[in-house]
Amino acid sequence: GIVDTILPAADSAGMNENELYLLLGHRTGPDPAGLVRDMMVLADRTGLSRIHLHTYGYYLEIRRSGDAIPEKIQECLLFAAKAAADHAGGQGARVTREGVAAVSQVTAAYGEGSVPGITSSGPYDIIAVPALVAREIRRTVGLGDVISASALAATSWKTG
């Protein structure tokens, strides 16, 4: 019902890789490039113009080309990474190896754009950023919501 009724009425969705799996009804990924592919499948099926995915160490976003400036989306995802690390209340937030590898894998699969972590495929701009992960965090409840909401709220919707 969510895929056939709710998402087609929406413009944007934020999720983690497990939620993507549940929405598609089949195993996703298993790597960042595969997650991007599966995000595009969901977008094509539902008509969503933006999907944001957060997982350990990195964030991915696909957006219909022309809806926003990809470099601004990237800035928003980095802002969301900082907001999530602050919300978690830990110490020493840092970029992970998984995050750096994710950006490289997406670039290898979809091509290198003019800015690292930004590329495109078909009608979609693809943005991949490493996330910040803090040590000794004090809370995780609501962290996915903080990530998705921060990335969405900071985004410029239109290019003009």
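Any value given below was found using the heavy atoms of this structure, including those in side chains, with hydrogens, waters and symmetry copies removed.
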Below 4.5 Å, heavy atoms only, C-beta onward: do Tyr56 and Val133 meet side chain to side chain? yes
Could you tell me if the side chain of Ser121 sits less than 4.5 Å from the side chain of Ile126, heavy atoms only? yes
Return the [atom1] to [atom2] distance between [X] and [Y], rounded to the nearest 0.5 Å.
X	Y	atom1	atom2	result
Met15	His52	CE	NE2	10.0 Å
Glu19	His54	CD	NE2	6.0 Å
Met39	Glu61	CE	CD	7.0 Å

N/O donor-acceptor pair under 3.5 Å between Thr119 side chain and Gly111 backbone: yes
Examine distances only and state if a side-chain atom of Glu17 and a backbone atom of Pro30 form a donor-acceptor pair shorter than 3.5 Å. no
Same hydrophobic cluster for [X] and [Y], using side-chain heavy-atom links shorter than 4.5 Å among ILVMFWY?
X	Y	answer
Tyr110	Ile118	no
Leu78	Val115	yes
Ile6	Leu22	no
Ile73	Ile51	no
Val41	Leu7	yes

Asp38: what forms a side-chain contact (heavy atoms from CB on, under 4.5 Å) with it, not counting sequence neighbours? Leu20, Leu24, His26, Thr28
Grab the two heavy atoms, one from [X] and one from [Y], that are nearest each other, plus how far apart they are.
X	Y	value
Arg63	Ala68	NH1-CB, 3.8 Å
Gly66	Asp125	N-OD2, 4.1 Å
Ser12	Arg50	OG-NH1, 2.6 Å
Gly57	Thr96	CA-OG1, 3.4 Å
Ala10	Leu48	O-CD2, 3.8 Å
Gly99	Tyr58	CA-CB, 3.9 Å

Candidates Leu42, Ile62, Val36, Leu35 - the one meeting side-chain contact (heavy atoms from CB on, under 4.5 Å) with Leu53: Leu35
Between Val106 and the options Asp31, Leu60, Ile127, Val129, the side-chain contact (heavy atoms from CB on, under 4.5 Å) test singles out Leu60
Please determine whether side-chain hydrogen bond (donor to acceptor under 3.5 Å, both in side chains) holds for the pair Asn16 and Thr55, giving the CA-CA distance in whole Å, both sets of side-chain angles, and the decisive distance to 0.1 Å. CA-CA 6 Å; Asn16 63 38; Thr55 189; over 6 Å; no
Is the number of heavy atoms from other residues, nucleotides or ligands under 6.0 Å of Glu71 CD greater than 12? yes
Taking atom CD1 of Ile2 as the centre, report whether more than 12 heavy atoms of other residues, nucleotides or ligands fall under 6.0 Å from it. no
Let me see the working for Arg64 and Tyr124 under side-chain hydrogen bond (donor to acceptor under 3.5 Å, both in side chains), right down to the final yes or no. CA-CA 4 Å; Arg64 294 218 183 256; Tyr124 300 104; 3.2 Å; yes
